[in-house]
Amino acid sequence: MRILIASYFFHPEGTPRATRTFELAREFARLGHETVVYVPDYPEDYAALESRWGFTVRAVPSGFLLNKGDKRSDSLTSRALAAPSRLKRALYRAYCWVTGGRQLEYAHTLYRALRDDGLGSSEPYDFVLSIGLPFAVHLALARWLRRGGKGSGTAVADYGDPYYYTTMERKLFLHRFLEAWALKAFRFVSIPHGRIRDSFTPYRGVEAKLRIIPQGFDLSGDGLPAYAPNALPTFAYAGVFYGGRGDPGELFNALAGLDSPYRFVIYTDTRPGSESMACLAPYAQSLGTRLELKERIPRARLLADLAGMDFLVSIDWPGVLHTKLIDYKLAKRPILSYEPGAFRAETLKAFLSGDYADDFSGHIALEDYDIRAVAASFLSLAAESS
């Protein structure tokens with residue numbers, strides 16, 4: 001089978017979309033499928049990845065104006081957001097509200113890459129997988145498919161989070177029509193859990209296209225160091241923070257009120273102006289040297305670091321199993337998980353004293369997230385549409 005995957009995130013990034021893209025590309029190639037992956041042109045040695053795992057990478061410029069260059073590093077955009085000028089921040093947020101954000105530029109560069117690679121004259125793809133968000137990926141693939149892209153009959157729009165009907169941020173109403181237009185180009189729409197199903201049912205015909213396919217991981221967990229208790233209670237959080245949802249205020253306020261020593265390590269988006277840094281700023285000073293901020297690192301290194309923590313922290317939306325919890329489970333450390341508004345200081349104190357009676361890891365069934373089963377679920381869609 002000939003497979004195309006398009007994404008805005010890829011190895012060695014530690015985001016859920018990067019993991020989904022890389023794990024699926026690796027598994028499809030392992031199964032013997034000819035797999036081509038379109039991702040942003042990071043300064044990485046893609047040749048080494050291709051040689052090791054057997055897939056092919058097409059590097060695409062991430063943008064041409066505000067999104068130009070390596071999107072992972074400091075940029076004009078991040079510096080503008082970090083600047084004290086309220087006008088600059090207001091103008092940028094207005095730009096994002098109207099256009100969908102600087103990532104929209106990727107829709108243009110990705111479409112051009114698909115078009116210019118001469119795919120119209122090459123063998124058709126048996127399976128096309130568009131991994132979002134950002135929505136720019138789906139938009140580019142929809143445009144390509146509608147203009148004769150060799151997608152055979154099986155094209156899947158994979159959503160980690162909703163786009164227009166999200167509770168995270170408001171969008172200009174015109175984006176609803178843009179998403180409806182894009183969704184019509186895909187045979188299936190995959191989502192990681194049923195909780196976001198209602199974000200797609202307002203679109204005519206999409207209900208029948210929905211398939212629930214969870215995040216997939218290589219569950220071997222090979223090479224992780226053995227755990228040894230830390231002299232100082234040490235715990236970690238890995239992931240981004242969002243204002244108004246997943247805000248760490250409850251946890252940080254409780255930690256600030258403790259007299260006992262500890263070390264709290266956070267792996268997040270540390271770029272100036274990022275939403276994570278904006279959420280952490282009001283609390284960082286109160287924790288002082290007890291808080292250690294680290295930039296996001298490749299998943300393999302992150303798992304090794306997490307395996308050495310006394311316990312791990314997760315802030316979760318009601319009824320949703322965050323993908324970072326799978327890595328937490330693989331690291332084999334106790335998990336302190338709570339929903340916003342339901343934080344209990346007593347639980348935190350118990351974990352700091354080594355009492356893990358409320359360890360959340362027992363609620364996670366790793367076998368449900370085996371990349372082999374997840375890849376098989378995607379490939380079954382090709383058979384379903386034939």
(request) Answer yes or no on whether Arg211 is positioned over the face of Phe188, meaning its NZ or CZ is under 6.0 Å from the six-membered ring centre and within 45° of the axis. (result) no

(message) Salt bridge check, Asp218 against Arg372: does any charged N sit closer than 4.0 Å to a carboxylate O?
(response) no

(request) State, with a plain yes or no, whether a side-chain heavy atom of Asp161 is found less than 4.5 Å away from one of Ile196. (result) no

(message) A cation-pi test, strictly: NZ or CZ of Arg333 under 6.0 Å from the centre of the six-membered ring of Tyr328 and no more than 45 degrees from its axis. Yes or no?
(response) no

(message) Using a 3.5 Å distance criterion without hydrogens, assess whether the side chain of Asp327 forms a donor-acceptor pair with backbone atoms of Ala238.
(response) no

Please output the side-chain donor-acceptor pairs of residues 177-186 that fall under 3.5 Å, not counting sequence neighbours, one pair per line with the distance.
unit_1	atom_1	unit_2	atom_2	d
Glu179	OE1	Tyr164	N	3.3
Glu179	OE1	Tyr203	OH	2.5
Glu179	OE2	Tyr159	OH	2.8

(request) Search all heavy atoms of Phe351 against all heavy atoms of Ile335 and return the closest pair with its distance. (result) CZ-O, 3.6 Å

(message) Quick check with a 6.0 Å cut-off and a 45 degree axis cone: is Lys171 positioned over the face of Tyr163's six-membered ring?
(response) yes

(message) Return the CG to OG distance between Leu110 and Ser62, rounded to the nearest 0.5 Å.
(response) 11.5 Å

(request) Run the salt-bridge test on Arg299 and Glu23 with the 4.0 Å N-O cut-off and return the result as yes or no. (result) yes

(message) Strictly distance-based, threshold 3.5 Å: is any side-chain N or O of Thr21 a donor or acceptor partner for the main-chain N or O of Arg17?
(response) yes

(request) Keeping the roles fixed (side chain from Asp126, backbone from Arg2), state whether a donor-acceptor pair exists under 3.5 Å. (result) yes

(request) Say whether, by atom type as modelled, one donor and one acceptor occur between the side chain of Asn253 and the main chain of Gly249 under 3.5 angstrom. (result) yes

